[in-house]
Amino acid sequence: MEHASLIIIRREHRALSAMLRSLGLLLDRHRSRNTLPDFATLRAMLFYVDEFPERLHHPKESRLLFPKLRGHGAELGEVLDRLDHEHAQGEDAIRELQHALLGFEMMCGTDEGDHRRRVFERSATAYIDFYLEHMRIEETQVFPMAEVVLGTLDWAELDAAFSTNLDPFADAGPTPAHGPVFLKILNSMQTVHGIGGALEALAGAGPPKFRPWRHE
């Protein structure tokens with residue numbers, strides 16, 4: 001039987017993966033058409049990544065799950081060190097991406113517009129690739145080991161703790177306050193070819209996919 005805490009983490013991974021891939025698809029579509037993206041939608045997508053994965057998801061893993069796995073082998077310890085370091089760097093990374101988006105939006109009508117667009121797109125691609133790889137390592141290396149080495153009491157503590165701190169997009173559905181943000185993102189994604197899988201993922205259906213993303 002799968003543990004409640006891992007179900008929650010995997011749902012949050014699925015929602016984040018969908019959001020990141022949708023960001024890439026939106027950028028691809030507008031690049032191919034030589035049109036400007038809807039900056040409000042892009043801001044909403046980055047707001048989601050900052051508001052929930054960075055502020056809720058990562059701390060849950062680093063403070064609750066990872067410490068229980070320490071001491072179960074040097075190789076696992078190195079993996080956990082890497083993941084903890086990436087969690088610590090996450091806030092700076094999303095701030096840099098948000099700044100690159102602001103620069104693109106503010107300067108798109110100037111001589112610097114093309115340069116600012118390329119800076120943001122490169123930054124977005126790097127961020128998407130980084131995050132998908134981060135989640136892949138957790139899914140393929142950390143979670144299987146946790147299922148082997150953790151005991152009943154460990155899982156009871158983790159399940160209780162994770163159940164009180166949910167991503168309202170991935171786990172419980174959007175709250176009234178976040179509903180308009182969620183709908184804005186979904187409505188924008190509906191117009192992009194190939195977005196059906198992402199919409200299913202955001203709704204909690206289908207398995208997470210962690211193959212590397214590359215823009216066309």
Side-chain angles (χ1 to χ4, degrees), residues 11-58 90-110 112-132 134-135 166-206 208-209 212-216:
R11 284 176 179 168
E12 292 177 357
H13 279 181
R14 185 160 52 236
L16 178 56
S17 176
M19 192 69 72
L20 294 173
R21 294 179 188 282
S22 299
L23 171 62
L25 288 170
L26 284 173
L27 295 178
D28 281 347
R29 170 58 59 91
H30 287 286
R31 185 189 309 107
S32 67
R33 294 181 174 182
N34 196 29
T35 55
L36 290 174
D38 180 347
F39 290 108
T41 297
L42 294 180
R43 288 196 303 271
M45 297 172 91
L46 295 188
F47 170 78
Y48 162 76
V49 174
D50 183 32
E51 185 82 350
F52 300 113
E54 291 295 347
R55 297 174 187 269
L56 291 180
H57 179 83
H58 284 171
E91 187 172 349
D92 288 341
I94 192 63
R95 291 290 175 272
E96 290 177 5
L97 187 57
Q98 289 170 326
H99 179 75
L101 174 59
L102 181 61
F104 176 22
E105 181 178 4
M106 294 296 101
M107 304 297 285
C108 64
T110 74
E112 280 198 29
D114 289 343
H115 169 69
R116 294 283 184 156
R117 181 174 197 152
R118 289 193 297 271
V119 168
F120 173 68
E121 290 177 345
R122 285 198 300 267
S123 297
T125 297
Y127 189 83
I128 292 168
D129 287 345
F130 156 77
Y131 228 136
L132 293 179
H134 177 92
M135 291 187 290
L166 301 177
D167 178 337
F169 284 1
D171 299 306
T175 65
H178 294 97
V181 177
F182 186 74
L183 290 176
K184 181 177 185 62
I185 294 170
L186 290 187
N187 289 338
S188 298
M189 290 193 297
Q190 298 246 21
T191 65
V192 182
H193 175 69
I195 209 67
L199 289 172
E200 289 180 0
L202 279 171
K209 299 176 182 179
W213 176 84
R214 289 290 186 275
H215 67 72
E216 297 174 356

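Heads up: numbering here begins at 1 and tracks the sequence.
Side-chain contact between L102 and R43 is absent, with no heavy-atom pair separated by less than 4.5 Å. For the pair R21 and L132, the minimum side-chain heavy-atom distance is below 4.5 Å. M135 places a side-chain heavy atom less than 4.5 Å from the side chain of L16. Counting heavy atoms from C-beta outward, L23 and Y127 have side chains that stay 4.5 Å or more apart.
How far CD of E121 is from CG of L101: 11.0 Å, rounded to the nearest 0.5 Å. E51 contributes atom CD, which lies 12.5 Å from atom CG of L46 (distance to the nearest 0.5 angstrom). Going from atom CD of E12 over to atom CZ of R14 covers 10.5 Å, rounded to the nearest 0.5 Å. In this structure, CZ in F120 is found 12.5 Å from SG in C108, a value given to the nearest 0.5 Å.
For the ring-ring contact (aromatic ring centres under 6.0 Å, His included) test, no residue two or more places apart in sequence or in another chain qualifies with F130.
Between the side chain of S22 and the backbone N or O of A18, at least one donor-acceptor pair lies under 3.5 Å.
Under 4.0 Å is where a charged nitrogen must lie from a carboxylate oxygen, and between D92 and R95 no such pair does.
When every heavy atom of L26 is checked against every heavy atom of M45, the shortest pair comes out as CD1-SD, 3.5 Å. Taking each heavy atom of R117 and R31 in turn, the nearest pair found is NH2-N, 3.6 Å. Taking each heavy atom of I128 and L20 in turn, the nearest pair found is CD1-O, 3.4 Å.
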Exercise. Is there a side chain to side chain contact (heavy atoms under 4.5 Å, CB included) between E105 and L42 once you walk through the steps?
Worked result: CA-CA 10 Å; E105 181 178 4; L42 294 180; over 6 Å; no
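The aromatic ring centroids of F39 and H30 lie 6.0 Å or more from each other.
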